[in-house]
Protein chains: 2
Amino acid sequence: MPGAAGRPPRGEARRALILEAALRVLGEEGASAVTHRRVAREAGLPLAATTYWFASKDELLADAYRLAADTDIARMRRLSTEYAERARADLAGALTDLLAADLAASRTSLLAAYSLWIEAARRPALRPIEEEWTRAYVEVVEAVLRDAGSPHPATDAELLVATLDGLLLAQLALAHPDPAAALRPQLERLVAALLRAG
Amino acid sequence: MPGAAGRPPRGEARRALILEAALRVLGEEGASAVTHRRVAREAGLPLAATTYWFASKDELLADAYRLAADTDIARMRRLSTEYAERARADLAGALTDLLAADLAASRTSLLAAYSLWIEAARRPALRPIEEEWTRAYVEVVEAVLRDAGSPHPATDAELLVATLDGLLLAQLALAHPDPAAALRPQLERLVAALLRAG
DNA sequence: CTGATTTCGGTACACATGTACCGGTCGGTC
DNA sequence: GACCGACCGGTACATGTGTACCGAAATCAG
């Protein structure tokens, strides 16, 4: 690749570039750091690029939320098929690996997601995105649980998703050196308790 | 009470007033709304009051976190003794009522707490507070579980606390009209699964 | 009371921020 | 080639922001 840097992207490609930059800034530095100028700098674009593609900062944030949700839902569905066999044999182990991989790969994305989640609690306009995101997770987990012979797949799916969120949040703040080691016994215990006939 | 408004507080009392105002603003309008001026207005004090009692905005936020943690830990310990008998007889019911009461009484406090939690994931200086807060919850829940005859009180306490956080977070964003109705079956299922001998 | 110290509140200032504006450039279409 | 709308990027501006400052008022020690 001669020139290395590539042509600066134009048109709609810039939109995505800006949204990804906004999510990065949100995850790394928090909501109060998300300004037009900071996002533009992060994206390597001039200030006017952010105001051209988004009517306001609120719109930028809402679109970023939408992008994060869509991207993650697609990723999670992909993973759920990849891990399907493994999950049937060792659900707790599969979940442990998934969470640990998330933590290892991108605490930034997780922080951005949870920041937006909390923001959705304050701004009704964001709630549909949050609902869709959560529903997608619950549906996938429910299918997995059904597959694993769960006695109460519907209730347990919501429960399990809530627990996974709680565990992830705890790991984010507590910064355990080896998340998998901390998560494995808890997930094994939970899965064992839920999968027992009842 | 003649004059109704009472004398404007002076000295250290103002500190607390400012911290409470900061938590209120954080919960209601988010991190980016927490400015010296906004907090001062919320507290009914002049701008200089915030800069006099706190060396910087970071310090103000850290102290607010400390106050929120201490207040909530004390409240939770108090409730745990009040609910002790009830918890032994009907743990799921007691937990449902506690969460529903939290949601009904102050979504603002909850949002502030979770915002600070996420902030703690980014700023190591805040982590000790978060660790203490979580540890306090885990200890209380562990005692309750032991009391209820749990087979694995240590593991299950961490698990249960994570789940409660996840469920609360979900209720905050989804704004279910009757949180108790949504939470009860999930908590009954979880408690039943965890308390069964194993 | 007197003087020292703490607390108070108004103000100042340098800088960041959201957003509007406007002349220029690009990529197609006749 | 001429044209046109979409796109770009530099700049302007009113307002918000963190923080410093300073003289006044309240509080306390002797």
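Below, read A as the first sequence line, B as the second, and so on, with proteins coming before strands; counting in each chain starts at 1.
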Check every strand shown and say whether L47(B) touches a base, only sugar-phosphate, or nothing at a heavy-atom separation below 4.0 Å. base

Do the non-hydrogen side-chain atoms of T50(A) and L45(A) ever get within less than 4.5 Å of each other? no

Let's see if you can work this out: which of dC26(C), dC13(D), dG9(C) has an atom nearest to the side-chain heavy atoms of R37(A)? dC13(D)

Side-chain contact test, heavy atoms from C-beta onward, threshold under 4.5 Å: evaluate it for E29(B) versus R122(A) and give yes or no. no

Note: for P46(A) and K57(B) on DNA chain D, the residue whose nearest nucleotide lies more 5' is P46(A)

Between C1' on dG9(D) and CZ on R41(A), what's the gap in Å once rounded to a whole number? 17 Å

Which nucleotide in the set dG10(D), dT7(C), dT19(C) lies at the smallest distance from any side-chain heavy atom of A48(A)? dG10(D)

Rounded to whole Å, please give me the gap between CD1 in I18(A) and C1' in dC7(D). 12 Å

dG10(C) P sits how many Å from L45(B) CG, rounded? 11 Å

dC8(D) phosphate, OP1 or OP2: any side-chain N/O from W53(A) under 4.0 angstrom? yes

Just to verify, which of D165(A), L160(A), V161(A) counts as forming a side chain to side chain contact (heavy atoms under 4.5 Å, CB included) with Y137(A)? V161(A)

When rounded to whole Å, the CD to P distance for the pair E59(A) and dT19(C) reads 10 Å

d(CG, D58(A); P, dG18(C)) in whole Å: 11 Å

Nearest listed nucleotide, side chain of H36(B), among dT19(D), dT19(C), dG18(C): dT19(D)

Any Y52(B) side-chain nitrogen or oxygen under 4.0 Å from OP1 or OP2 of dT7(C): yes

Heavy-atom count around E85(A) CD within 6.0 Å, excluding the residue itself: above 12? no

Start at the 5' end of DNA chain D and walk down; is the nucleotide closest to A49(A) or to S56(B) reached first? A49(A)

Can you figure out which of dC8(D), dT19(D), dG9(C) approaches the side chain of R14(A) most closely? dC8(D)

Side chain of T35(B) only, please: which of dG9(D), dG18(D), dT17(C) is the nearest? dG18(D)

When the nearest nucleotide of DNA chain C is assigned to R10(B) and to T51(A) on a heavy-atom basis, which residue is associated with the more 5' position? R10(B)

Are Y83(A) and V140(A) linked, directly or through intermediate hydrophobic residues, by side-chain heavy-atom contacts shorter than 4.5 Å (ILVMFWY only)? no

